[in-house]
Amino acid sequence: PARDAHMVLWLDTTTGSAVNCTAGLPSEWVGPHTRPALSANGRVVAFCSQAAQGDISTHALVLHDLDRSATAVICLRTNGVASADPKVPAHALQAQLSADGAFVAYATPAPPNPILPPEQRVTVPFQVYLYETQTGTTRLVSAATDGVSFADADAVEPRLAADGRGVAFLSRATNLL
């Protein structure tokens, strides 16, 4: 990582051994690395990261599996434009993990509508998503009552049940109930 970037470290308080969870990232992921979260069983660490190549800046939510020493990017955004893949929303914040790390809930600005011309694209408020590590699928949790539209106001601060079956979050949206 860059000299001024934070590393995400995990320390085993029993053995004193430490793991740099950012070490598995490609060299362009220089950081900053922020907002670490840990599963209750201590197996999975989630954190936000940033990569830079020239003028291109990419933000991501990263998962590091300590048992497998595996690192995976689950959500990213490049230069303020969300990925064209609707399963990969924008810059992730506020990650929460289930007890076993199998589920990750996070809040992120929803992607702008790619069908509109760039000058008409508007990023909608923060939304809450749930990512399943076993299937690699992402679901919009803060969907409006129609089941597909975004919440019409920010949905933030997700809290995930230990078993991953429920997500609580804050919102002032008027189209959720």
Side-chain angles (χ1 to χ4, degrees), residues 6-15 17-25 29 31-51 58-77 82-83 85-111 124-145 147-151 153-173 176-177:
H6 289 102
M7 295 178 286
V8 176
L9 302 171
W10 179 84
L11 175 71
D12 184 323
T13 58
T14 304
T15 66
S17 64
V19 174
N20 178 354
C21 299
T22 56
L25 292 171
W29 290 90
H33 311 294
T34 60
R35 302 177 185 260
L38 181 65
S39 62
N41 67 2
R43 190 182 131 233
V44 179
V45 178
F47 58 94
C48 293
S49 187
Q50 184 175 347
T58 302
H59 301 270
L61 179 62
V62 178
L63 292 182
H64 181 79
D65 186 318
L66 292 157
D67 285 350
R68 298 181 341 191
S69 295
T71 304
V73 174
I74 66 166
C75 167
L76 58 89
R77 180 184 185 115
S83 167
D85 181 351
K87 294 180 185 173
V88 184
H91 180 109
L93 301 172
Q94 308 167 350
Q96 291 282 307
L97 293 122
S98 61
D100 63 1
F103 297 92
V104 183
Y106 58 93
T108 181
V124 296
F126 270 66
Q127 302 296 315
V128 173
Y129 296 89
L130 181 66
Y131 177 80
E132 294 184 44
T133 61
Q134 300 298 317
T135 62
T137 58
T138 301
R139 188 179 93 182
L140 175 64
V141 173
S142 57
T145 54
V148 293
S149 299
F150 293 120
D154 285 338
V156 295
E157 298 187 32
R159 298 297 181 261
L160 187 57
D163 62 5
R165 291 181 31 186
V167 181
F169 58 94
L170 296 175
S171 183
R172 291 185 177 164
L176 296 178
L177 297 175

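Small disclaimer: the values here were computed from a predicted structure and weren't measured. Numbering of residues begins at 1 and proceeds along the displayed sequence.
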Quiz prompt | Partner of Val44 by side-chain contact (heavy atoms from CB on, under 4.5 Å), out of Val104, Thr133, Leu97 | solution = Leu97

Quiz item: Just how far is it from atom OG1 of Thr22 to atom CE of Met7, taken to the nearest 0.5 Å?
Solution: 6.5 Å

Exercise. Please tell me if the side chains of Phe169 and Leu176 come closer than 4.5 Å, counting only heavy atoms from C-beta onward.
Key: yes

Quiz item: With sequence neighbours excluded, what pairs up with Asp154 under the salt bridge (Lys or Arg N to Asp or Glu O under 4.0 Å) test?
Solution: none

Practice problem: Could you tell me whether the side chain of His64 reaches within less than 4.5 Å of the side chain of Val19, counting heavy atoms only? | Solution: yes

Quiz item: Who are the side-chain hydrogen bond (donor to acceptor under 3.5 Å, both in side chains) partners of Thr14, not counting sequence neighbours?
Solution: none

Quiz item: Nearest heavy-atom pair of Ala153 and Arg172: which atoms, and what distance?
Solution: CB-C, 3.8 Å

Practice problem: Could you tell me which residues satisfy side-chain contact (heavy atoms from CB on, under 4.5 Å) with Leu170, sequence neighbours excluded, listed by chain and number? | Solution: Val156, Glu157

Self-check item: Pro36 versus Phe47, closest heavy-atom pair with distance
Solution: CA-CB, 4.1 Å

Quiz prompt | Check: Tyr131 and Leu63 side chains under 4.5 Å, non-hydrogen atoms | solution = yes

Quiz prompt | Shortest non-hydrogen contact from Ser39 toward Gly101 | solution = CB-N, 3.7 Å

Self-check item: Residues that Leu38 engages under side-chain contact (heavy atoms from CB on, under 4.5 Å), provided they are two or more places apart
Solution: Trp10, Val45

Quiz prompt | Heavy-atom pair of closest approach, residues Leu160 and Gly166 | solution = CD1-O, 3.4 Å

Quiz item: Going by heavy atoms in the side chains, are Pro158 and Val141 under 4.5 Å from each other?
Solution: no

Quiz item: With side chains defined as the heavy atoms from C-beta onward, is the minimum distance between Thr138 and Ile74 less than 4.5 Å?
Solution: no

Quiz item: What residues form a side-chain contact (heavy atoms from CB on, under 4.5 Å) with Ala23, not counting sequence neighbours?
Solution: Asn20

Exercise. For Ser98 and Asp100, work out which heavy atoms get closest and say how close.
Key: OG-OD1, 2.9 Å

Self-check item: Heavy-atom pair with the smallest gap, counting every atom of Leu66 and Cys21
Solution: CD2-SG, 4.2 Å

Self-check item: Pairs where residues 40-50 contributes a residue and the test salt bridge (Lys or Arg N to Asp or Glu O under 4.0 Å) is met, not counting sequence neighbours
Solution: Arg43-Asp65, Arg43-Asp67

Quiz item: So with a 6.0 Å cut-off around CG of Leu11, is the heavy-atom count from everything else above 12?
Solution: yes

Quiz item: Rounded to the nearest 0.5 Å, what separation is found between the CD atom of Gln127 and the OG atom of Ser171?
Solution: 7.5 Å

